[in-house]
There are 2 protein chains.
Amino acid sequence: MRIGELAERTGTPRRLLRYYEEQELIMPTRCANGYRDYDERFVDRVVQIRGLLDAGLPTRIIKQILPCLDKPRVIHFKDATPEMLATLEGELDRMNHRIACLTRNRDAIEEYLEVVRRSKAPEPSAPGGR
Amino acid sequence: MRIGELAERTGTPRRLLRYYEEQELIMPTRCANGYRDYDERFVDRVVQIRGLLDAGLPTRIIKQILPCLDKPRVIHFKDATPEMLATLEGELDRMNHRIACLTRNRDAIEEYLEVVRRSKAPEPSAPGGR
DNA sequence: TCGAACCATCACATAGATGTGAAGGTCAAA
DNA sequence: TTTGACCTTCACATCTATGTGATGGTTCGA
């Protein structure tokens, strides 16, 4: 598939698909005429990249962890250097931290919304609703 | 407390404390001489802000949700406009999405690390370890 | 063969969070 | 009273992810 189709299927501007390639997050092949050629797997991959970016990870880190997330699980021992493992452990920590922070705040927002809803919509009739 | 102490206690550059103020995330009072004067509660608040920023929320959004997260829980009905509630619902969605994405990828990294550890450290002696 | 709709590269612009430094005021201790 | 460690504002720089547009090649259907 060419860049236009991938862009549409992932809801990602072409510009960014090229940018992710420049950052070496995705490496499409090229057709004879120079057009980028993406295979089916890039759809999920791009969605995953965008999710991680949105969650605050920089491309530099995403580039490092992506190869470890491939399924079927294949361990690229070339990548599994001690430094790489340390990086991953570090990122794991940071991600756990982020998750905890987001969860805490999400719960607080949820609680707030519930309190507001209860005070604003006291459902005066039909008390035994549901 | 003045900006230097807050900076040290939260591990945040002074520059950023001023920036958060400019973005109206924190509003310290001023001493007679013009120095910013932070009370104890700003410590937690700043840590919370940094956590949210790190998790990918922009200051614009953080500014909106912070007042809803105050404890003890106080509903500022001035803030509870329909638009505000819609914003919160939207942010809630986005946060859930982020959490799901981070969790999924964190689990994948964790699994990867476990597989690598098993293959690299087969603990040759003491087979019945633990 | 022409035009529309793709594609390519390149370059410059923007927005948000952050770094850095200049120029100067305040204050306490030596 | 001077020095050093704070503080102030202001301004410009940087990095990352993104927007936007110029310029030109390819392909395909009318």
Side-chain angles (χ1 to χ4, degrees), chain A residues 1-39 42 45-66 87 91 94 97-98 101-102 105, chain B residues 1-39 42 45-66 87 91 94 97-98 101-102 105:
Chain A
M1 117 189 50
R2 284 174 311 175
I3 199 170
E5 186 180 342
L6 184 61
E8 199 166 338
R9 288 177 61 184
T10 60
T12 307
R14 291 159 176 74
R15 170 72 174 88
L16 289 186
L17 295 175
R18 300 197 184 99
Y19 173 69
Y20 299 153
E21 177 178 348
E22 188 185 307
Q23 301 303 306
E24 296 173 275
L25 301 185
I26 49 180
M27 286 307 194
T29 54
R30 295 291 180 132
C31 301
N33 59 14
Y35 288 11
R36 289 172 177 81
D37 185 32
Y38 301 91
D39 87 45
F42 282 100
R45 159 109 354 172
V46 168
V47 169
Q48 185 180 28
I49 289 171
R50 305 216 91 208
L52 289 170
L53 277 173
D54 179 62
L57 280 78
T59 53
R60 177 179 44 84
I61 296 299
I62 296 176
K63 176 184 168 185
Q64 290 190 288
I65 70 180
L66 269 185
T87 298
E91 262 336 285
R94 293 171 55 79
H97 203 255
R98 256 180 261 246
C101 174
L102 277 170
N105 285 287
Chain B
M1 108 190 58
R2 284 174 308 176
I3 199 170
E5 186 181 342
L6 184 61
E8 199 166 340
R9 287 178 60 185
T10 60
T12 307
R14 289 156 176 76
R15 170 72 175 89
L16 290 187
L17 295 176
R18 300 199 183 98
Y19 174 68
Y20 299 154
E21 178 178 347
E22 188 185 306
Q23 301 303 306
E24 296 174 273
L25 301 185
I26 49 180
M27 287 306 193
T29 54
R30 297 288 180 136
C31 302
N33 59 13
Y35 289 10
R36 289 172 178 80
D37 185 32
Y38 301 91
D39 86 44
F42 282 102
R45 159 108 357 174
V46 168
V47 169
Q48 186 180 28
I49 289 170
R50 304 217 91 207
L52 289 170
L53 276 173
D54 179 61
L57 279 78
T59 53
R60 175 178 46 84
I61 296 298
I62 296 175
K63 177 184 168 186
Q64 289 190 286
I65 70 180
L66 270 185
T87 298
E91 265 332 289
R94 293 171 55 77
H97 204 255
R98 257 180 262 245
C101 174
L102 277 170
N105 285 286

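Sequence lines set the chain letters: A, B, ... in the order given, protein chains first and strands last, and positions in each chain run from 1.
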Quiz prompt | DNA chain D-proximal residues of residues 2-10 of chain B, any heavy atom under 4.0 Å | solution = B/R2, B/I3, B/G4
Quiz prompt | Of residues 30-38 of chain A, the positions that come close to DNA chain C - non-hydrogen atoms, cut-off under 4.0 Å | solution = A/R30, A/G34, A/Y35, A/R36
Quiz item: How about B/Q48 and B/L66: do any of their side-chain heavy atoms sit closer than 4.5 Å?
Solution: yes
Quiz item: Are B/T12 and B/L6 side-chain neighbours, meaning at least one heavy-atom pair lies under 4.5 Å?
Solution: no
Exercise. State whether B/R18 places a side-chain N or O below 4.0 Å from either non-bridging phosphate oxygen (OP1 or OP2) of C/dT20.
Key: no
Quiz prompt | Listed partners of B/R2 passing side chain to side chain contact (heavy atoms under 4.5 Å, CB included), at least two apart | solution = B/Y35
Quiz item: Can you list the residues that meet the ring-ring contact (aromatic ring centres under 6.0 Å, His included) rule with A/Y20, with sequence neighbours excluded?
Solution: none
Quiz item: Between B/Q23 and B/T59, what is the shortest heavy-atom contact and its length?
Solution: OE1-OG1, 3.6 Å
Self-check item: Partners meeting salt bridge (Lys or Arg N to Asp or Glu O under 4.0 Å) with A/D37 (sequence neighbours left out)
Solution: none
With the criterion being N/O to N/O and under 3.5 Å, what pairs connect the protein with nucleotides 12-14 of chain C, and how long is each?
none

Quiz item: Can you check side chain to side chain contact (heavy atoms under 4.5 Å, CB included) on B/L52 and A/C101, steps first, answer last?
Solution: CA-CA 7 Å; B/L52 289 170; A/C101 174; 4.2 Å; yes
Practice problem: To the nearest 0.5 Å, tell me how far B/I49 CD1 sits from B/I62 CD1. | Solution: 7.0 Å
Exercise. Kindly calculate the angle separating the two end axes of the helix from C/dT1-D/dA30 to C/dA30-D/dT1, each obtained from five base pairs, and round it to 10 degrees.
Key: 10°
Quiz item: Which pair of non-hydrogen atoms, one from A/R14 and one from A/G4, has the smallest distance, and what is that distance?
Solution: NH2-CA, 3.6 Å
Self-check item: Any residue meeting salt bridge (Lys or Arg N to Asp or Glu O under 4.0 Å) with A/R50, in chain and number order, not counting sequence neighbours
Solution: none
Quiz item: salt bridge (Lys or Arg N to Asp or Glu O under 4.0 Å) with A/R9: which residues, sequence neighbours excluded?
Solution: A/E5, A/E40
Quiz item: If you measure from CZ on B/R18 to CG on B/L16, what distance do you get to the nearest 0.5 Å?
Solution: 10.5 Å
Practice problem: Pull out every residue in residues 19-27 of chain B that has a heavy atom closer than 4.0 Å to any atom of DNA chain C, ordered by number, or say none. | Solution: B/Y19, B/Y20
Quiz item: Could you give the CZ-to-P distance, from A/R14 to C/dA5, as a whole number of Å?
Solution: 12 Å
Quiz item: Of all residues at least two apart in sequence or in a different chain, which pass the side chain to side chain contact (heavy atoms under 4.5 Å, CB included) check with A/E21?
Solution: A/I26, A/M27, A/P28, A/R30, A/R36, A/Y38
Quiz item: Going 5' to 3' on DNA chain D, which nucleotide is the first and which the last to come under 4.0 Å of a heavy atom in chain A?
Solution: D/dT16 to D/dT27
Quiz prompt | side chain to side chain contact (heavy atoms under 4.5 Å, CB included) between B/I65 and B/L57, intermediate numbers included | solution = CA-CA 10 Å; B/I65 70 180; B/L57 279 78; 4.0 Å; yes
Self-check item: Heavy-atom side-chain contact between A/R98 and A/R94 under 4.5 Å
Solution: yes
